[in-house]
Number of protein chains: 2
Amino acid sequence: MDVRSLQLFLTLSDTLSFSRTAEQRHLSLSTVSRALQRLEDEVGQRLLERDKRTVRLTLAGERYRDYAISTLAEWQRLLGDLRPHSGDLRGEVRVYCSVTASYSVLSPILEQFRRDFPRVEILLRTGDYADAVARVQSGQEDISVVARPDKLAAALEYQTLQHSPLQFIAPAFPCAVVEQLQQLQQLISQEQDFSWAEVPFIVSERGLSKDRLDQWFRSRGERPRIYAQVAGHEAIAAMVGLGLGVGVVPELVLHNSTFRDKLQTVAARPRLGEFPVGLCALKQRLDNPLVAAFWQVARRSYATPI
Amino acid sequence: MDVRSLQLFLTLSDTLSFSRTAEQRHLSLSTVSRALQRLEDEVGQRLLERDKRTVRLTLAGERYRDYAISTLAEWQRLLGDLRPHSGDLRGEVRVYCSVTASYSVLSPILEQFRRDFPRVEILLRTGDYADAVARVQSGQEDISVVARPDKLAAALEYQTLQHSPLQFIAPAFPCAVVEQLQQLQQLISQEQDFSWAEVPFIVSERGLSKDRLDQWFRSRGERPRIYAQVAGHEAIAAMVGLGLGVGVVPELVLHNSTFRDKLQTVAARPRLGEFPVGLCALKQRLDNPLVAAFWQVARRSYATPI
DNA sequence: TATTGTATTGCAAAAAATGCAATACAGTAT
DNA sequence: ATACTGTATTGCATTTTTTGCAATACAATA
């Protein structure tokens with residue numbers, strides 16, 4: 001019994017669907033399945049009756065649901081009571097992130113932070129996430145939202161907040177690129193040879209998503225046909241949304257893109273894996289009470305997303 | 001926030017001592033220290049004020065304590081409500097374990113089991129724990145209390161319940177063995193060469209504790225002087241208690257031995273590590289509802305020891 | 001009969017928890 | 001003074017747990 005599993009169970013009992021729960025919680029189907037197995041194991045009772053097509057609460061499940069609701073409420077109350085009430089702290093914190101992150105990842109944090117520290121100003125700068133680590137290291141920013149670096153400099157502190165799978169995206173309207181993909185799709189279903197090397201790609205100049213895509217092509221023994229190299233995921237989404245080619249972005253970016261309904265995902269194999277999003281700061285800077293406070297608030301916002 | 005940490009915190013707030021908490025909960029000091037750090041991190045507040053000599057609850061700590069108490073109470077109530085009330089199940093379950101285990105490990109399980117399944121008879125046989133796995137495999141017993149085997153046959157299911165560190169034990173009264181140990185102790189404190197090869201050892205015929213001791217001697221490049229080989233930890237404790245030599249038993253056995261006050265532990269380096277105690281059954285046999293019920297009850301008794 | 005949508009499971013990789021040993025510090029004994 | 005004892009924290013390696021991917025299994029639908 002812990003916060004995460006209780007929340008998971010509530011989502012399950014709401015949706016009565018493992019797959020939708022997985023989606024909503026940004027988890028894989030197997031994770032959800034196993035998490036529920038653990039819960040059932042822990043209480044020694046089946047909580048959800050499932051028979052291949054439908055899922056519904058057992059009696060024990062209903063009881064558990066009540067329990068989960070009240071326990072989470074208590075937990076929220078506790079967090080509320082214990083919230084550091086430093087309304088008198090004042091100053092500023094410099095934060096850097098991508099445009100997408102500013103309203104997807106950062107907005108719940110900012111909201112909470114403003115409530116707890118109304119006197120502290122947030123100087124928010126946005127730009128390519130690939131610059132984020134460098135800007136923190138150089139001292140230009142206190143905190144950045146970044147993809148977790150493979151190697152973390154010892155002077156840096158990092159904290160994962162969220163994961164988002166990297167997705168291939170393509171235009172969602174008839175155009176040359178889409179036709180090409182459909183042909184490819186046919187070859188795949190007929191188990192014939194096929195090649196991604198002809199498809200025009202919009203790629204990042206650098207950063208984790210570029211690395212992953214490079215690796216993906218290497219693993220297939222092919223080389224991408226690069227239509228354009230741009231800075232930032234938003235730019236990729238934009239260009240793909242204009243029908244210029246295929247690209248790779250974290251699902252997070254896709255969901256928040258203004259081009260969302262002009263874009264579709266492509267189920268290319270193997271998958272590109274998860275894109276871990278988190279905060280990064282100089283350890284040294286975390287001594288600063290304001291920076292530390294921001295860090296704390298961020299962690300807590302993500303420990304208990306409603 | 002989960003059951004274990006809440007319990008840990010309650011123990012901490014009771015004892016106001018990390019070391020006593022570690023002892024009571026059978027954990028290492030570092031585990032306790034880190035567990036509390038996690039809790040504090042999670043709520044973003046210090047819960048215990050500690051200043052090198054004393055530990056006391058902060059205001060946040062008191063609030064947390066209330067929370068922990070009521071949350072655990074709710075949890076217990078949930079478990080009570082969900083307890084399978086199969087008072088009508090009847091039959092028998094054959095259980096095998098060492099003498100020590102029968103009252104240390106098994107007794108809370110049996111108590112609970114009898115409450116939930118009053119009509120089910122437990123056929124309890126005791127003997128050397130080294131036989132436990134074999135007896136389950138041969139179908140002689142349904143469930144055994146065993147030390148976790150290094151390699152687990154695929155047909156077997158195993159479930160850890162508890163850990164107990166292996167301890168060197170010696171007589172606690174003046175005798176030849178003790179004198180010898182004292183001389184050894186002196187050499188150690190003077191950082192001179194010393195050898196365990198002269199000390200008479202009472203060892204198991206087989207089993208995990210024998211393997212660990214063998215390995216210990218190998219790592220020192222010595223060979224033990226074996227005074228006696230016996231079957232079962234209780235027998236070792238008895239012979240050591242009679243002043244015949246030095247032995248190795250899980251702390252669990254030591255604490256429950258009738259010779260307890262005639263025995264002392266010896267802090268030999270390196271340590272022998274933990275002795276994992278758990279249940280073992282044929283996967284097949286777990287299909288039997290009675291056996292499964294016992295298994296369940298056992299797990300639950302240990303998931304939430306008061 | 002193929003296809004789609006759903007949950008479970010084997011397996012390997014990632015993350016978290018744990019214990020040991022080393023360290024640091026303040027009383028207490030020598 | 002100095003060594004010793006009891007206490008909590010920290011670096012590191014190990015173990016345990018959780019996770020995701022891919023494969024599997026099954027039923028409803030096309």
Side-chain angles (χ1 to χ4, degrees), chain A residues 2 4-5 8 12 15-23 25-42 46 48-56 148 150 152 154 158-160 162-166 185 189-190 216 219 251 267-276 278 303, chain B residues 2 4-5 8 12 15-23 25-42 46 48-56 148 150 152 154 158-160 162-166 189 251 267-276 278 303:
Chain A
D2 66 304
R4 282 179 64 84
S5 356
L8 192 76
L12 265 172
T15 61
L16 293 177
S17 151
F18 285 58
S19 27
R20 262 176 293 154
T21 301
E23 216 171 322
R25 288 248 100 98
H26 303 291
L27 296 169
S28 78
L29 192 51
S30 76
T31 301
V32 176
S33 174
R34 285 207 162 91
L36 181 67
Q37 285 167 20
R38 277 197 297 276
L39 287 187
E40 295 186 323
D41 215 44
E42 200 175 20
R46 216 135 235 254
L48 294 179
E49 193 63 50
R50 31 216 200 275
D51 58 357
K52 285 296 172 197
R53 291 316 285 160
T54 49
V55 173
R56 65 180 201 283
R148 187 188 53 200
D150 286 336
L152 197 60
Y158 170 83
Q159 166 68 240
T160 300
Q162 213 185 333
H163 291 260
S164 185
L166 282 171
Q185 207 57 43
S189 65
Q190 293 160 25
W216 188 83
S219 78
E251 199 168 76
R269 292 306 171 86
R271 307 221 184 144
L272 290 166
E274 297 279 326
F275 185 87
Chain B
D2 65 305
R4 284 181 63 84
S5 356
L8 191 77
L12 266 172
T15 62
L16 292 179
S17 152
F18 284 59
S19 26
R20 262 176 293 154
T21 300
E23 217 171 319
R25 288 249 100 100
H26 303 290
L27 297 169
S28 78
L29 193 50
S30 75
T31 301
V32 176
S33 173
R34 286 208 162 92
L36 182 67
Q37 285 167 20
R38 277 197 296 275
L39 287 187
E40 295 185 323
D41 216 44
E42 200 174 23
R46 209 131 240 258
L48 293 179
E49 194 63 51
R50 32 217 199 275
D51 59 357
K52 287 296 172 198
R53 289 317 283 161
T54 49
V55 173
R56 64 180 201 283
R148 187 187 52 198
D150 286 336
L152 196 59
Y158 170 82
Q159 168 68 240
T160 302
Q162 214 185 333
H163 291 260
S164 184
L166 282 171
S189 67
E251 199 168 76
R269 292 308 170 90
R271 307 221 184 145
L272 289 167
E274 296 279 327
F275 185 86

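Hydrogens, waters and symmetry mates play no part in the numbers below; they use all other heavy atoms, side chains included. Letters A, B, ... mirror the listed sequences (proteins, then strands); counts begin at 1.
Residues meeting the ring-ring contact (aromatic ring centres under 6.0 Å, His included) test with A:Phe18, sequence neighbours left out: none. For B:Ser28, the side chain to side chain donor-acceptor pair (under 3.5 Å) partners are B:Ser30, B:Thr31, not counting sequence neighbours. Applying the side chain to side chain donor-acceptor pair (under 3.5 Å) rule to A:Glu40 yields the partners A:Arg50; only residues at least two apart in sequence or on another chain are considered. Applying the salt bridge (charged side-chain N to carboxylate O under 4.0 Å, His left out) test to B:Asp2 and every residue at least two apart in sequence or in another chain returns nothing. With sequence neighbours excluded, the residues satisfying side chain to side chain donor-acceptor pair (under 3.5 Å) with A:Glu251 are A:Gln167.
Atoms CD (A:Glu23) and C1' (C:dA7) sit 15 Å apart, rounded to a whole Å. To the nearest angstrom, P of C:dG19 lies 13 Å from CZ of B:Arg25. Rounded to whole Å, the distance from CZ on B:Arg50 to C1' on C:dC25 is 15 Å. Computed from coordinates, the B:Leu36 CG to D:dT7 P distance equals 17 Å when rounded to whole Å. In this entry the distance linking CG of B:Leu39 with P of C:dA16 reads 16 Å, nearest Å. Taking atom CZ on B:Phe275 and atom C1' on C:dG19, their separation rounds to 18 Å, with Å as the unit. Protein atom CZ of A:Arg20 is 7 Å distant from nucleotide atom P of C:dT6, rounded to whole Å. One atom, CG of B:Leu12, and another, C1' of D:dA8, lie 11 Å apart when rounded to the nearest Å.
Using a 4.0 Å cut-off, no side-chain N or O of B:Gln37 falls inside it from OP1 or OP2 of D:dA8. Contact annotation: B:Ser17 side-chain N/O to D:dT7 OP1/OP2 distance is not under 4.0 Å.
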>> How would you summarise protein contacts on nucleotides 14-24 of chain D per nucleotide, using B for base, S for sugar-phosphate only and - for none, with heavy-atom distances below 4.0 Å?
In response: --S-SBBBS--

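Here the CG-CG distance, from B:Leu36 to B:Leu8, works out to 8.0 Å after rounding to the nearest 0.5 Å.
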